Undergrad: 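A single structure is presented below for examination.
Just so it is clear, the model here is predicted, and its values are computed rather than measured.
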Amino acid sequence: MQETIDLMHSIRNLAERRGVFRPEAYFFVLEAMENAMAAMDERGHISVEDLLDWIRDLGCERYGVMAGDVFNAWGVQATIDFGRIVFHLVDDGLLRKREEDSLADFIDKFDFQDA
C-alpha cells in the first residue's frame with residue numbers, strides 16, 4: 001500500500017516539475033506497460049512498437065473515439081510525447097532503458113485520430 005502511495009506521489013511530483021504532461025498520462029503509460037508485461041511469458045524489455053500498441057488498445061478500450069481528445073487534454077499530441085513520458089520516467093528512476101533505446105524510436109508511429 002505504501003509503495004502505491006509513494007509511486008502516486010512520485011508521479012504527481014514528476015508531472016508538476018516537468019510541467020508538460022498531466023499525471024494521468026504517466027499513470028496511463030505505466031498501466032499500458034504493466035499490461036504488456038503481464039501478457040509476456042517472462043518479464044523483460046518491451047519494444048516501442050509493442051508499448052505503443054498497448055497504449056493505443058488501452059486508449060480505445062477505455063475512451064473509445066474520444067481517446068485522441070483525452071490524450072490531447074493530458075498534453076500528449078503525438079506518439080513522440082509517449083516517448084517523452086517514458087524517458088521522464090527513466091530520468092526519475094521509475095523505469096529502466098537499454099543503451100540502444102532512443103526517444104527517436106517513438107516518432108510518428110500512428111495518428112491518434114486515425115487509430
Side-chain angles (χ1 to χ4, degrees):
M1 174 89 166
Q2 185 61 40
E3 233 175 69
T4 302
I5 293 170
D6 290 345
L7 177 62
M8 291 174 66
H9 183 71
S10 294
I11 296 294
R12 291 188 196 293
N13 283 340
L14 168 61
E16 185 176 315
R17 213 174 50 254
R18 293 288 183 148
V20 180
F21 307 110
R22 294 182 50 91
E24 293 87 348
Y26 293 96
F27 290 120
F28 188 84
V29 167
L30 288 173
E31 182 178 355
M33 190 168 287
E34 185 59 37
N35 290 348
M37 285 195 278
M40 297 170 77
D41 291 332
E42 61 182 68
R43 292 175 82 90
H45 184 265
I46 300 168
S47 72
V48 168
E49 291 77 14
D50 286 344
L51 176 59
L52 289 173
D53 284 345
W54 281 95
I55 287 171
R56 182 179 50 228
D57 292 348
L58 184 58
C60 288
E61 176 186 312
R62 184 162 297 156
Y63 305 112
V65 297
M66 299 299 295
D69 294 328
V70 172
F71 294 159
N72 289 337
W74 292 345
V76 177
Q77 308 297 315
T79 55
I80 186 73
D81 291 327
F82 285 119
R84 289 182 179 107
I85 289 168
V86 167
F87 278 82
H88 289 175
L89 292 164
V90 168
D91 289 346
D92 270 33
L94 299 170
L95 291 178
R96 291 181 297 165
K97 73 174 192 76
R98 297 180 311 177
E99 189 63 37
E100 62 268 21
D101 292 335
S102 168
L103 182 59
D105 296 336
F106 286 87
I107 295 174
D108 295 331
K109 294 301 183 180
F110 63 83
D111 180 87
F112 293 156
Q113 301 310 323
D114 291 342

Undergrad: How far apart are the closest heavy atoms of Cys60 and Ala67, and which atoms are they?
TA: N-CB, 4.4 Å
Undergrad: Can you tell me how far apart CE (Met33) and CG (Asp50) are? Round to the nearest 0.5 Å.
TA: 11.0 Å
Undergrad: Are Leu14 and Val90 linked, directly or through other ILVMFWY residues, by side chains that come within less than 4.5 angstrom of each other?
TA: yes
Undergrad: Any heavy-atom pair between the side chains of Ile11 and Leu30 that's under 4.5 Å?
TA: yes
Undergrad: Would you compute the distance between atom CG of Asp57 and atom CG of Leu52 and round it to the nearest 0.5 angstrom?
TA: 11.0 Å
Undergrad: If I take atom CG from residue Asp81 and atom CZ from residue Phe106, how far apart are they, to the nearest 0.5 angstrom?
TA: 11.0 Å
Undergrad: Asp101 side chain to Arg98 main-chain N or O, any donor-acceptor pair under 3.5 Å?
TA: yes
Undergrad: Side-chain contact, heavy-atom cut-off 4.5 Å: Val48 with Thr79?
TA: no
Undergrad: How long is the span from the CG atom in Asp53 to the CD1 atom in Ile46, to the nearest 0.5 Å?
TA: 11.5 Å
Undergrad: Return yes when atom CD of Glu100 has more than 12 non-hydrogen atoms of other residues, nucleotides or ligands closer than 6.0 Å, and no otherwise.
TA: yes
Undergrad: What is the distance from atom CE of Met8 to atom CZ of Phe27, rounded to the nearest 0.5 Å?
TA: 5.0 Å
Undergrad: Under 4.5 Å between side-chain heavy atoms, hopping through other hydrophobics if needed: is there a path connecting Tyr63 to Trp54?
TA: no
Undergrad: Hey, does Arg12 have a side-chain heavy atom less than 4.5 Å from the side chain of His9?
TA: no
Undergrad: Search all heavy atoms of Val76 against all heavy atoms of Ala25 and return the closest pair with its distance.
TA: CG2-CB, 4.1 Å
Undergrad: Do the charged groups of Lys97 and Asp105 touch, with an N to O distance under 4.0 Å?
TA: no
Undergrad: Might you confirm whether atom CZ of Arg17 has over 12 heavy atoms from other residues, nucleotides or ligands at distances under 6.0 Å?
TA: yes
Undergrad: Between Trp74 and Phe28, what is the ring plane arrangement, given parallel below 30°, perpendicular above 60°, and tilted in between?
TA: tilted
Undergrad: Over 60° means perpendicular and under 30° means parallel, so classify the ring planes of Phe21 and His88, tilted if in between.
TA: tilted
Undergrad: Using 0.5 Å steps for rounding, measure from the CG atom of Leu103 to the CZ atom of Arg84.
TA: 6.0 Å
